[in-house]
Amino acid sequence: MAKLTNDEQKQVKLTAFDLQTDPNRPGLQFHRIDASKDPNFWSVRVNRDLRIIIHKAGDSVMLAYVDHHDDAYKWAERRRIETHSRTGALQIVEVRERVEEIVVQPAPARQPELPFLVTAAPPVSTLPLFSKLSTDDALSIGVPEDWIKDVLDASEDKFFTLANHLPQEAAEALLEYAATGVLSKPAPVTTDPYSHPDAQRRFRILEGHEELAAALDQPFEKWAVFLHPSQRVLVDRDFSGPVRVVGSAGTGKTVVALHRVARILRNEPQAKVLLTTFSEPLATALKRKLSVLLADVPTLADKVAISSFEQAAADLYALMTGRRAYLVGREKLRTIVSEAANAAGITKYTPQFLNSEWEHVIDAWQIDSAETYAAVPRMGRKNRLGSKQREELWTVFAEVRSQLRAKALLTAADLFTVVTNHFRDRAEKPYTHVIVDEAQDLGVAELRFLSAIVPDQPESLFFAGDIGQRIFQQPFSWKGLGIDVRGRSFTLKVNYRTSHQIRRMAERLLPDNVRDVDGEEDQRNGTVSVFDGVEPVIVIAPTAEEEAKAAATFLRILLEQGTSPNEIGIFCRSNDQIARASKIAELANVGTISSLTSRSSEEAVLIGTMHLAKGLEFRAVLIVACDEGVLPLAARIDDVADEFELDEVVATERQLLYVAATRARDHLFVSAVTPGSEFLEDLIH
């Protein structure tokens, strides 16, 4: 339906409502699809050319497909809806003899006249990929009987094309087997075909006009409504303490968080939920998505507050004090630190060290006395400090604290701490549950704050994030702050957003397993994408002008192939490179926007820094100006205080490129001027 014009969609919706009101209305003009092998397929007239394909079984009417007349009939003639003989899940199955010979789809032609350095696709084998599997194995994972021979005979170069014809659960199990050598056979499910976990990703039973309207109106991703079974377990399960859901980009962590909120609101009438993330633009996106899940009972949204970490604290601060919080800017704070050191005559420490010690130790851990500073472990910092040095440094930091108080200024960490101290020991809390998205970017003060504003109950805290996408905070021990997720940390493995080729390239930037300070692992190996695509393009050009020409050519080809400008993002490391990104759009003769609020414009591509890309998704992404000295950013390298911090800066810069690259669904372009960022070597090899 999304491919129809707006007027056509309106007519389809009206016909759908008529079907729900009175399926036997004569004016609907039902016609059985005689050429289909499934006798329950019928067409319903929308207008002169449009037809809805429905599946009638007893008193049930299923809206299955809509298209122009001939294409709608072809869809029904090539499919049947049936219960799988082994798994018991209801499936939409393509009729094998109606499918033309499966051939490998060639990748789009590259532009050989440009200085492309293109990553070569890994060699593919022509040997059968699943030769060790039996017919019984194939049946156990939901492969339809008439597709088993194709599966067992498939070579690597044909499998992704074949997978597009299989029910999703079968394709995913085969993808996992190809990646890990392990065939995950689901436990037998004794339930009706519609309630089977695998069927629920394809079918939804709607009881009223409100639910039907929400399902037809919203441009929200299908998988945000129809949960994958591995996601549904985490939404519906009861836990004995704080929970963390991790996984690489595109695996649906945000979807799980949203459904968890909806479940709490539906099941607990007295619930008051905070849904929070690291920025206000992402909070706005979460609000829009949650409204889809709550469309049938929109009043439930009144029981949830959605805001960034900092805004949530600022709102509570205002309620507590009756006034707004005034936060000191980073540059102003650095000036205060420098002036305090000069006034104390302490000159043997570099400005980089003093700023880093304040930011990552004093302010992060909210140290307020020389005694506390003497005892803090300063985890991971290479510059070891003796008691005399800490006493000396505390005279500087104590003066900084004194000046901030005198000017009624707060750091962000101060704001979190004030609110934390207010609610920590109070029996009455402002929220019953906190659900956190992008939890990898929580700092010490933020985590303490979130723990203090909910009661100490088993399911009051739920975190979703990706350790590999941490780009703002240095690591620290959650367990040390009383948030113990051991035994309740779960990794999602199915990637819905990013093609196999883009995911495979992006993951070269990160290790197979990412371990946090508490020893919890995000095991990234074995993650599979559910669709195939084309290899990303990497350009290392001799000049910025040549880079811009190559990128503009790539952009023009996307537009000529039908990609809408608002489905394209162009990103760079910092504002200093924005002009280079804008030049590319200018050469491609396409408009640009830099604000998420105006992203609905279909005639403009979004341009911004890599940080802006976080939490977004596009059909195509161009990441430009990945030069040496730009990525990792030279200014951040110059600002480090010790070897540990250098390692952390390089790691977060690498993760920033990973975040930007994994915003792309179908097409990824990465470019630089010679010699290019050191990270490009990882992408190429």
Side-chain angles (χ1 to χ4, degrees), residues 1-20 23 28-58 60-84 89-103 105 142-147 150-151 160-171 193-194 198-206 212 215-217 219 221-223 225-226 496 530-532 562 666:
M1 189 173 73
K3 295 179 180 179
L4 302 178
T5 67
N6 288 338
D7 286 342
E8 289 173 336
Q9 289 186 37
K10 290 177 184 177
Q11 294 178 63
V12 170
K13 292 172 188 176
L14 289 173
T15 305
F17 294 138
D18 288 343
L19 272 168
Q20 189 178 45
L28 293 172
Q29 298 186 31
F30 288 79
H31 293 282
R32 189 188 297 275
I33 312 293
D34 294 325
S36 173
K37 289 204 169 185
D38 189 326
N40 295 319
F41 272 134
W42 296 70
S43 76
V44 175
R45 178 187 171 96
V46 176
N47 60 22
R48 184 174 180 179
D49 187 40
L50 286 175
R51 298 293 184 270
I52 293 176
I53 302 299
I54 68 168
H55 193 263
K56 293 176 66 175
S60 171
V61 175
M62 181 192 300
L63 300 176
Y65 191 70
V66 64
D67 210 332
H68 297 278
H69 180 284
D70 291 351
D71 291 328
Y73 271 67
K74 286 177 183 177
W75 184 90
E77 290 166 2
R78 293 174 55 172
R79 285 164 179 82
R80 62 182 188 269
I81 296 180
E82 64 186 16
T83 302
H84 191 273
L90 199 66
Q91 295 180 329
I92 302 173
V93 179
E94 286 197 66
V95 179
R96 178 63 187 91
E97 57 266 31
R98 293 288 182 88
V99 177
E100 297 176 5
E101 188 61 32
I102 295 171
V103 295
Q105 297 296 320
V143 177
E145 292 185 13
D146 45 350
W147 284 95
D150 292 278
V151 167
F160 267 106
T161 305
L162 170 64
N164 292 331
H165 297 279
L166 298 175
Q168 197 172 25
E169 66 270 20
Y194 285 98
D198 285 323
Q200 288 185 355
R201 63 172 91 189
R202 289 182 285 270
F203 305 101
R204 180 165 180 177
I205 297 174
L206 304 177
L212 180 60
L216 295 177
D217 281 345
E221 301 78 12
K222 287 184 291 185
W223 50 272
V225 177
F226 305 103
Y496 301 90
V530 298
F531 64 96
D532 201 25
D666 301 313

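- For Asp71, there are no salt bridge (Lys or Arg N to Asp or Glu O under 4.0 Å) partners at least two apart in sequence or on another chain.
- Leu19 and Leu28 get closest at one heavy-atom pair: CD2-CD1, 3.8 Å.
- For the atom pair CG of Leu14 and CZ of Phe17, the computed distance is 7.0 Å after rounding to the nearest 0.5 Å.
- Contacts of Thr83 classified as side chain to side chain contact (heavy atoms under 4.5 Å, CB included), with partners at least two apart in sequence or in another chain: Leu90, Pro193.
- Among residues two or more places apart in sequence or in another chain, the side-chain hydrogen bond (donor to acceptor under 3.5 Å, both in side chains) test is passed with Gln9 by none.
- Put simply, CG on Leu4 and NZ on Lys13 are 10.5 Å apart, with the number rounded to the nearest 0.5 Å.
- The salt bridge (Lys or Arg N to Asp or Glu O under 4.0 Å) check on Glu145 picks up nothing, with sequence neighbours excluded.
- Lys37 meets the side-chain hydrogen bond (donor to acceptor under 3.5 Å, both in side chains) test with Glu97; sequence neighbours excluded.
- Nearest heavy-atom pair, Phe41 versus Arg80, reported as atom, atom and distance to 0.1 Å: CE1-CA, 4.0 Å.
- Residues satisfying the side-chain hydrogen bond (donor to acceptor under 3.5 Å, both in side chains) test with Gln20, not counting sequence neighbours, are His209.
- The CD1 atom of Ile92 lies 11.0 Å from the CD atom of Gln168; values are rounded to the nearest 0.5 Å.
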Sequence neighbours left out, cut at 3.5 Å: what donor-acceptor pairs do the side chains of residues 48-58 make with other protein atoms?
{"from": "Asp49", "atom 1": "OD2", "to": "His68", "atom 2": "ND1", "distance (Å)": "2.5"}
{"from": "Arg51", "atom 1": "NH1", "to": "Asn47", "atom 2": "O", "distance (Å)": "2.7"}
{"from": "His55", "atom 1": "NE2", "to": "Asp38", "atom 2": "OD1", "distance (Å)": "3.3"}
{"from": "His55", "atom 1": "NE2", "to": "Asp38", "atom 2": "OD2", "distance (Å)": "3.0"}

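- Between Leu166 and Val151, some side-chain heavy-atom pair lies under the 4.5 Å cut-off.
- The closest donor-acceptor contact from the side chain of Trp147 to the backbone of Glu94 lies under 3.5 Å.
- Qualifying ring pair (Phe, Tyr, Trp, His ring centres under 6.0 Å) partners for Trp42, counting only residues two or more places apart in sequence or in other chains: none.
- Trp75 and Tyr65 have parallel rings, their planes meeting at less than 30° on a 0 to 90° scale where 60° marks the start of perpendicular.
- In this structure, the side-chain hydrogen bond (donor to acceptor under 3.5 Å, both in side chains) partners of Glu169, at least two apart in sequence or on a different chain, are Gln91, Arg202.
- Residues passing the salt bridge (Lys or Arg N to Asp or Glu O under 4.0 Å) test with Lys10: none are found, sequence neighbours excluded.
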Trace of the side-chain contact (heavy atoms from CB on, under 4.5 Å) decision for Asp18 with Val44: CA-CA 11 Å; Asp18 288 343; Val44 175; over 6 Å; no
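- Contact between Ala199 and Ala89 at its shortest, heavy atoms only, is N-CB, 4.3 Å.
- When atom types are taken as modelled, the side chain of Arg78 and the backbone of Lys74 share no donor-acceptor pair closer than 3.5 angstrom.
- A pairwise comparison of heavy atoms in Val143 and His84 identifies O-NE2, 2.9 Å as the closest pair.
- In terms of heavy atoms, Ala163 sits closest to Ala171 at O-CB, 3.9 Å.
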